[in-house]
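Step one of this worksheet: look at the structure below.
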Protein chains: 2
Amino acid sequence: MDVRIDELDRKILRTMQRDAGQSLDEIAKVVGSSKTPVWNRIRKMRDAGVIGQQTVMLNAEALGFEACFFVLIRTSEHEADWQAKFLKALMDRPEVQEAHRLAGDIDYILKVRVQNARAYDVFYQALISEVRVFNVTALLSMEEIKSTVALPL
Amino acid sequence: MDVRIDELDRKILRTMQRDAGQSLDEIAKVVGSSKTPVWNRIRKMRDAGVIGQQTVMLNAEALGFEACFFVLIRTSEHEADWQAKFLKALMDRPEVQEAHRLAGDIDYILKVRVQNARAYDVFYQALISEVRVFNVTALLSMEEIKSTVALPL
DNA sequence: GTTGAAATTCCATCAAG
DNA sequence: CTTGATGGAATTTCAAC
């Protein structure tokens with residue numbers, strides 16, 4: 001899983017991040033190389049797990065997901081089985097797009113994407129009925145200013 | 001930009017979210033239809049902006065991006081030109097992967113992906129020297145529990 | 001909506017310089 | 001590394017049902 005990534009690799013990744021639908025020929029042209037080495041590098045990085053899933057960015061609002069919450073969670077319980085249960089609850093819920101364990105006094109942050117505020121409440125009630133949490137603060141997004149998965153390579 | 005999305009469209013989107021690299025034939029088989037109608041629907045949704053950019057998920061840690069911060073920002077300035085300047089600063093910085101304007105006492109939340117804590121500090125110093133902000137809290141991610149762009153269709 | 005066929009392009013590989 | 005060639009797929013379009 002440990003690979004050397006050189007400047008050409010980085011160029012390839014940058015290009016693929018921008019548009020993964022391009023043909024090999026196009027990618028090769030953009031990065032200033034040719035098909036064969038580019039293809040070999042892509043395969044190597046795929047095998048090494050550097051390049052993962054290929055996906056499409058969907059327009060959340062056009063599809064009826066008009067509400068996005070960032071949820072700050074404090075808990076007093078830090079035992080292993082509580083954590084396992086909590087993690088499972090997060091993994092099982094598709095409306096949780098991101099979940100991070102934090103350093104500091106806030107223990108977790110979630111990004112939750114739902115149709116509306118009501119749907120968030122349903123999610124919230126279900127979550128706190130499943131696992132004990134000490135304190136929950138929900139931040140409601142009014143406007144998505146920027147959203148990208150691209151790394152600043 | 002306003003399109004009717006039926007159950008078949010949703011199935012197509014779900015399939016493409018999971019793996020955008022599949023062939024049309026495969027997608028058609030998975031959703032229980034055939035090539036032509038699936039292709040027509042994909043094109044329609046692309047034109048309507050429902051389907052956006054096609055991209056790849058990269059392994060951030062393997063590429064040296066080991067630090068991820070959620071940044072909570074309070075500001076006292078709400079004039080139009082301050083906001084324009086602030087937005088531009090966010091758009092111009094590739095380490096800002098997400099930026100949302102919030103309801104409530106916290107005005108903005110950012111997700112910032114950088115190589116390490118030092119790189120975050122460079123970002124932070126640059127940002128506050130460009131625009132005035134009243135209060136900034138940085139939450140450091142210790143562990144990315146979940147990360148997906150898939151909508152729960 | 002479906003199936004099937006067409007031209008074109010692309011993928012993935014391999015040989016050769 | 002490069003170019004060039006290849007067989008097999010996939011894309012995109014179209015006609016016909």
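Chain identifiers are assigned alphabetically (A, B, ...) following the order of the sequence lines, protein sequences preceding nucleic acid strands; residue numbering begins at 1 within each chain.
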Ring geometry between Tyr108(B) and Trp82(B) (parallel below 30°, tilted from 30 to 60°, perpendicular above 60°): tilted
Rounded to whole Å, how long is the line connecting atom [atom1] of [X] with atom [atom2] of [N]?
| X | N | atom1 | atom2 | answer |
| --- | --- | --- | --- | --- |
| Leu8(B) | dT2(C) | CG | P | 8 Å |
| Lys29(A) | dC10(C) | NZ | C1' | 15 Å |
| Gln22(A) | dA10(D) | CD | P | 21 Å |
| Ile27(B) | dA9(D) | CD1 | C1' | 15 Å |
| Leu24(B) | dT3(C) | CG | P | 14 Å |
| Lys35(A) | dC1(D) | NZ | P | 15 Å |
| Trp39(B) | dT13(D) | CH2 | C1' | 7 Å |
| Ile42(B) | dT12(D) | CD1 | C1' | 12 Å |

Looking at Gln125(A), Arg93(A), Lys85(A), which one forms a side-chain hydrogen bond (donor to acceptor under 3.5 Å, both in side chains) with Glu130(A)? Arg93(A)
Out of [options], which has the shortest distance to the side chain of [X]?
| X | options | answer |
| --- | --- | --- |
| Pro37(B) | dT2(C), dT13(D), dG4(D) | dT2(C) |
| Ser23(B) | dT3(D), dC10(C), dA10(D) | dA10(D) |
| Ser33(B) | dT2(C), dA12(C), dT12(D) | dT2(C) |
| Thr36(B) | dC14(C), dT12(D), dT3(C) | dT3(C) |

Using heavy-atom distances to pick each residue's nearest nucleotide on DNA chain C, tell me which of Glu26(A) and Arg43(A) is more 5'. Glu26(A)
Which atom names give the shortest non-hydrogen contact between His100(B) and Ile145(A), and what distance separates them? C-CD1, 4.1 Å
Report yes if at least one side-chain N or O of Arg41(B) is closer than 4.0 Å to OP1 or OP2 of dG1(C); otherwise report no. yes
So if I apply the salt bridge (Lys or Arg N to Asp or Glu O under 4.0 Å) rule between Asp9(A) and each of Arg41(A), Arg4(A), Lys44(A), which one comes out positive? Arg41(A)
Going by the salt bridge (Lys or Arg N to Asp or Glu O under 4.0 Å) test, name the single residue among Glu144(B), Glu66(B), Glu61(B) that passes it with Arg113(B). Glu144(B)
